Amino acid sequence: MNNNSFQKKPESKAPGPKDMDRILQSCGIALSPDRIDLLWQYHNRLRQANPELNLTRIHRFENMVIKLYADSILPGELTALPSPLLDLGTGPGMPGIPLKIAFPDTEIVLAETRQNRVVFLEQTISSLGLSGIRVYGHAVTPSFEQMFAGVITRAVEHMDKTLHRIQGCVKTGGLVIFMKGPGCADEIAAAQQAFSYSFELRQDKAYSIGNTPNQRRLVIFERTDAPPARRRQQAAEKHRIRDIQSAQNTTYKDLKKLLTAKGMKKQNQALVSGAKQITDIIAQCSGKCLAWISGSENQPPPENLASRAAWYRLAPELFDTLDVLGTRSPLLLVEIPVIIPWHPGAGLPPGCTVLVPFQDPENVGAVIRSAVAFGAENIVLLAEAAHPFHPRAIRASGGVVMHANLMQGPPIGELPTDLPVVALSMSGTPVFEFAFPQSFALLPGMEGPGLPRGLKKNAVSIPMSPKVESLNAAAAAAIALYTWSQTRRI
Ligand SMILES: C[S@@+](CC[C@H](N)C(=O)[O-])C[C@H]1O[C@@H](n2cnc3c(N)ncnc32)[C@H](O)[C@@H]1O
């Protein structure tokens, strides 16, 4: 028998508050003895409850101090903590409880959905005798509207999801503090893209926890717009409000008529959908905005919508009927520019006039967008064309229809035969070899029936692989317009 087996192993001394203090100091955190004592009590409660509640997978004492407590406290050393502060998805109280202990003046609310954790948090707060900290034991959702100066969150979800979730509860200028690992660049980019109108990146700081190899990144966004509750109140003071609950309401009936070209022509109005289009139109054509239309009072108009625009708050089912693109975000009622008649007898202006025959509103919107992009400023809608302010056309145009120079022309069959038409046709001259006249009308092929014979005299084609039968007509028009625009630059 090995003699060693009789020897007692040297007992490792159980760690105590002094060890906690020493490790925290090595991470650059100096707490007074009473604060260390509170953190020690928290540590013991966490350890006791962990086997039953599964609060953390970190068990070694040193790791718990570094990766849980020091990690939780460091954001307060690196930035001034906003107060009151919501710790979203606090779990067992991280970072909220160590932060409260280290920065007792900060008011903190711990948000946690799991009820056994909620009980643990409440008992911990009471047992440690902490004040200025409480638990919100429900899910934080966009409709949560208690107001905070800031949110902090650790190990919960992607940043864009959190920014969406906390939009109701952070004041203008409030901070959203994300405690992340080093590789979060994609998350930051996604959040910036999705929330460019409401949050700005204020800080992105890489650091390590003391002298350990644990790399961390503190990412802070600042809220730039007003939260919905404030916007609702401001909007109610600023705009004329009309609550519409019945399909028999005359304003609603008029709005419904705008779903047809006839209604749009008669009322000279259109419905715009899509958050980006609407934002752009409000910014660029504020005088044309007549009403903000939402399916609930929780979607107030943005602050820069002119006060002359009304706010129509529709019952959800009435709103859904108008929201033909199914965007579920509010619509904008706009006054549309008068489409003046086109008189071909007066001759064509220099450059390219685009004739639009498309019956598909998306092609109409797309070709108008390309025409303006490549400098063909005169656009003639032939009688066959879908209405350029059809919701799909507005969306495909990227909002360009609002300021394009649109004219109303005859049916394609009634175009003057002496018009210098350059038609787009599969059998025409390859577009790169074609000498565009000084002044001409570009006629892209109509879907289905194609071009009338008489107009094929001067035809250009887009060379392409025989594997594809034909290009989308608006795409072909865009290529021809681009080619023409390049010949003008020579
Ligand atoms: C992975 S744990 C992280 C806990 C803690 N922040 C940490 O760093 O140790 C995420 C916690 O967020 C909670 N949670 C998730 N979504 C939430 C929401 N919408 N509102 C409140 N709590 C939420 C979960 O119940 C869970 O306890």
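Residues: numbered from 1 along the sequence shown. We count ligands from 1, going down the list as the structure has it; atoms in each ligand are counted the same way. Remember, it's a predicted structure, so these values are computed and weren't measured experimentally.
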Does any N or O in the side chain of Thr279 come within less than 3.5 Å of the main-chain N or O of Ala275, such that one atom is a donor and the other an acceptor?
yes
Is any side-chain N of the basic residue among Asp323 and Arg328 closer than 4.0 Å to the acidic one's carboxylate O?
no
For the backbone of Gly91 and the side chain of Glu112, can you confirm whether one donor and one acceptor N or O come within less than 3.5 Å of each other?
yes
Could you go through the side chain to side chain contact (heavy atoms under 4.5 Å, CB included) check for Glu187 and Asp160 one step at a time?
CA-CA 7 Å; Glu187 259 189 70; Asp160 52 357; over 6 Å; no
Does Arg232 come within less than 4.0 Å of Glu237, counting only side-chain N to carboxylate O?
no
Mind jotting down which protein residues get a heavy-atom contact under 4.0 Å with ligand 1? Chain and number order, please.
Leu88, Gly89, Thr90, Gly91, Met94, Ala111, Glu112, Thr113, Arg114, Arg117, His138, Ala139, Val140, Arg154, Ala155, Arg165
Would you compute the distance between atom CE of Met64 and atom CG of Asp71 and round it to the nearest 0.5 angstrom?
13.0 Å
